[in-house]
Amino acid sequence: MGVPRMTLQTQLVLRTLLEHPDHEMYGLEICHAAGLAPGTIQPILARLEGVGWLESRWEDVDPHEAARPRRRYYGFAPSGADKARQALEAARSRNTSGGPWLLRPGGAS
Amino acid sequence: MTDAAASMNSPHHVIGGYYRRAVALQSIHYSIGEVGREIVADLRRIRTPRDFRPLKIQKATAGLLWGLREYESEVRRLAVDLKVGASMIDGYSTELLRAANLAEQLVGSAVTSSDSLRALNGMLEFVVSGATNLDLSSGLASVTAFTIALSREINQFNGQEILKTLDTCYQEAVRQADEKAIDVETESSGDSMKPDGLAMSLVRFMLKVLPSVYRHRYSEELRGELHALATAGATRAMQIIYMLQQISRVVQLRTALHTPDRPRFHRLRQSACWILESTVRTWSVTVVLLFWGGAETATDTGMGAAIVFVVSGAAAYGTGVSYLRNRWNVQVKRPDREDS
């Protein structure tokens, strides 16, 4: 699988997940943490999962007992966190070398 | 609600129950048909008064009558249950109501056949009691004709159709069992924090755009998130806005599911990369345009302005080309590889 498109939103999602690489989050939670609009998150998660960086699983509850549908939790695949860090670094260096007039991802360190 | 009670309410379970009962009905239906055919065969074998054994025929018709009564009461119960099921499971109400109507028709047929059988028994008794005085052959002829008509009536029972309708319903229920079970559970839980109906309709609308293999997953995922929003106290408007935002990106989601590593403007980028791979392709058109613009500027303004235009234009274009080649990892192909 190739590398997903590293848009600003994708970078924000990856940075959010990299804050706690072992922690799984569901879509709405990632939205709030990354400060993104809800609609933007699903295509990004689908793309990251499609290239094998992320893995997802259903919440381990019985919907009948919990009286609500299960949530879908997303977390890094075994080598996903490393690939994400590399891609973020590459995106950062690309933006830096692109000149001072280019926008940088929010909160880029 | 307990697990057992919840599973009893799932459409899979409910329709599965109807289906099994319809299968049982079908076997009763076949048994009735068999008994009817035996009676007709017995009657047709009568050639002389000695062959006429009214007790045997009466015994068979009594068995048939009992079978029909059982069939009738079972079909009646199934018709009632199907209507209850139809009101309980919205998604299948049309199909189930159709099955219920068919079952009611079967009740009508069974009642008519029972009445006919009772009449046949009466005729047989009349023929037996009056055999000494009446013409036995004409009496038997009427009984045989009546029984053949009854046999045809019984065979017209449309058990197969009701079974087919329920089978279609059952297969559909199995396919969507989990999803519908959640709906039934959510509806029956009486939870005041349940998601808004319009937002749920928007979920269903959105799912139609997604590839069929992903529909089930996103159905539950989006419902789960709507539920989380509702539990967090999101208003109806907020839930609808949330779903509208999801819908606004549904085409991107669909593309991401099909080709996760493909850029947004794939074709355009492919064409741009093809141009950037070659210095000749990159500069040929631009150089012509720059010189044409320079010539126009020289005519209108003067040579100095034309030189500034050409040099600054070429520099800006060159910077843009370098940036794109770097960003998209475009390697310039030989023989026109640039030294820089």
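In this text, all values refer to a predicted model and were calculated from it rather than measured experimentally. Chain letters run A, B, ... following the sequence lines, proteins first and then strands; every chain starts at 1.
To the nearest 0.5 Å, atom CG of residue B:L253 and atom OG1 of residue A:T40 are 11.5 Å apart. In this structure, CD on B:E225 lies 10.0 Å from CD on A:E29, to the nearest 0.5 angstrom. A distance of 10.0 Å separates CD of B:E220 from CZ of A:R68, quoted to the nearest 0.5 Å.
The closest side-chain heavy-atom distance from B:R249 to A:Q42 is not below 4.5 Å. The side-chain heavy atoms of B:R217 and A:W58, taken from C-beta on, include a pair separated by under 4.5 Å.
Heavy-atom minimum distance, A:A46 versus B:A256: CB-CB, 4.0 Å. Taking all atoms of both residues into account, the shortest heavy-atom contact from A:L28 to B:A228 is CD2-CB, 4.2 Å.
Looking at B:L244, there are no atoms closer than 4.5 Å to chain A (heavy atoms on both sides), in backbone or side chain. Only the side chain of A:E49 comes within contact range of chain B, with heavy atoms under 4.5 Å apart. Contacts of B:Y214 with chain A are absent, with no heavy-atom separation under 4.5 Å from either backbone or side chain.
Under a cut-off of 6.0 angstrom, the local environment of NE2 in A:H20 is sparse, with at most 12 non-hydrogen atoms contributed by other residues, nucleotides or ligands.
Along residues 71-78 of chain A, the residues that come nearer than 4.5 angstrom to chain B, judged on non-hydrogen atoms, are A:R71, A:R72, A:Y74 in order of number.
Between chain A and the residues B:M243, B:Q245, B:E221, the most heavy-atom pairs under 4.5 angstrom are made by B:E221.
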